Amino acid sequence: MSDEPAALARISLDAVRHNTQLLRRRAGRADVMAVVKADGYGHGAVPVARAALAAGATWLGTATIDEALRLRGAGIGAPVLSWLNGPGSAWQTAIAHDVDLSAGDTALLAEIGRAAIRAGTTARVHLKVDTGLGRGGCPLAQWPALVDAALKGEADGTLRVAGLWSHLGSADDPHDPRCLAQLDLFRAAAEFAGRAGVRGAVRHLANSAATLTLPEACFDLVRPGIALYGLWPEEPLTAADLRPAMSLRARLTQVKRVPAGQGVSYGHAYRTARDSRLALVPLGYADGVPRAAGNTAPVWVSGTWHRIAGRVCMDQFVLDLGDTPAAPGDEVVLFGAGLDGEPTLAEWVRRLGTIANEIVVGIGARVTRVYTGQP
Ligand SMILES: *Cc1c(COP(=O)(O)O)cnc(C)c1O
């Protein structure tokens with residue numbers, strides 16, 4: 001125990017594999033791109049990528065080129081797409097490392113083409129169309145010009161159109177009519193590109209929610225993120241038999257008796273109702289425990305839930321254990337898979353009014369990630 005970190009995120013790679021296999025089945029004939037942006041949603045991009053690839057994912061997805069290069073640096077050779085890069089990005093390095101790139105306008109496409117010439121090879125690009133999200137991607141009115149520019153790049157050998165893609169705006173409810181309208185527009189945009197002469201490009205649209213609930217959105221490739229980690233942005237995590245991969249744990253730093261009426265933590269936002277044991281947990285908002293969890297979120301201590309007492313500080317918070325026996329070094333669980341009775345992230349999400357994504361990506365660098373299961 002002495003060598004164990006005081007606070008850790010235990011990550012089950014078996015859960016990642018299970019979730020990947022489930023997504024693969026749901027994707028039907030489509031391939032699975034495991035989205036490992038933001039350090040694998042806080043779980044560790046490299047171990048998650050390896051587990052997902054071992055379980056049948058064939059692509060990896062990242063926001064930035066840096067994230068993609070980190071996968072290459074770890075020796076991962078699977079196809080990787082990086083989709084969020086602006087003018088002046090490290091295109092040439094990305095191309096030299098076989099990283100697929102997204103382009104949603106002709107200026108960016110031209111930059112990528114020039115970088116391909118410098119790299120002495122062909123850049124693989126995925127043309128992104130905005131089908132209604134109103135975020136990144138090519139407006140429909142400019143889609144013909146983008147497709148035309150990409151075909152010119154194919155003709156002169158600088159570019160290869162490897163993908164056609166878009167992103168859904170309300171996929172948490174894939175039966176939302178806006179989602180179905182995006183589906184139709186995406187199909188039309190891909191057909192347009194095909195008629196114009198684009199051949200062999202993989203079409204991809206679906207995130208986790210669409211993969212699990214909207215088979216017609218799966219096309220050739222799906223891009224699940226949050227579901228790989230066994231989470232669902234807002235609804236109960238039991239949906240679709242996903243297994244939460246992360247469990248956030250800490251060992252009590254101190255336990256002490258205090259009298260009734262003791263104010264607890266900054267501002268005394270909590271006060272003991274009776275003689276109590278206070279326990280100090282070495283995790284705070286610097287570690288990703290939201291400040292909003294003060295007086296709100298549950299923590300599991302030897303079989304029972306205790307609400308966080310008072311404010312969450314930068315590095316620590318306090319629990320009022322009442323008469324519950326506890327000692328420094330005892331393990332507490334903030335959230336986990338729920339199999340031993342500990343709170344799940346879904347419970348935290350319900351009480352805090354946020355989404356699971358925001359909590360897991362916020363778990364700080366100071367929290368050691370410990371992996372269990374097959375790598
Ligand atoms: C983050 C992201 C995904 C994954 O979304 P989830 O809802 O987490 O499955 C897919 N595609 C793009 C473009 C993304 O940015």
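In each ligand, atom 1 is the first atom listed, and ligand 1 is the first ligand listed. Everything numeric in this text was worked out from a predicted model, so none of it was measured.
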(message) On a heavy-atom basis, I'd like to know which of T211, N207, L205, I355 is closest to atom 5 (O) of ligand 1.
(response) N207
(request) Report the member of M33, R223, K37 with the shortest heavy-atom distance to atom 2 (C) of ligand 1. (result) K37
(request) Under 4.0 Å, heavy atoms only, figure out whether ligand 1 is touched by the backbone of W165, its side chain, both or neither. (result) side chain
Would [X] and [Y] pass as an ion pair if we require N to O under 4.0 Å?
{"X": "D156", "Y": "K152", "result": "no"}
{"X": "E191", "Y": "R187", "result": "no"}
{"X": "R274", "Y": "D323", "result": "yes"}
{"X": "R249", "Y": "E331", "result": "yes"}
{"X": "E111", "Y": "R114", "result": "no"}

(request) Would you check the N or O atoms of G225, main chain and side chain alike, for any that come under 3.5 Å of an N or O of ligand 1? (result)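 Yes, there is a polar N/O contact under 3.5 Å.
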(request) Report yes if some N/O of I226 lies less than 3.5 Å from some N/O of ligand 1; otherwise report no. (result) yes
(message) Only heavy atoms of Y41, strictly under 4.0 Å: list the atoms of ligand 1 that pass.
(response)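 With Y41 as reference, the close atoms of ligand 1 come out as 1 (C), 4 (C), 5 (O), 6 (P), 8 (O).
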(request) Specify whether H126 and H204 have parallel, tilted or perpendicular ring planes, treating 30° as the upper limit for parallel and 60° as the lower limit for perpendicular. (result)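 The arrangement is perpendicular - the two ring planes meet at more than 60°.
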(request) Give a yes/no on ligand 1: does P224 have at least one heavy atom closer than 4.0 angstrom to it? (result) yes
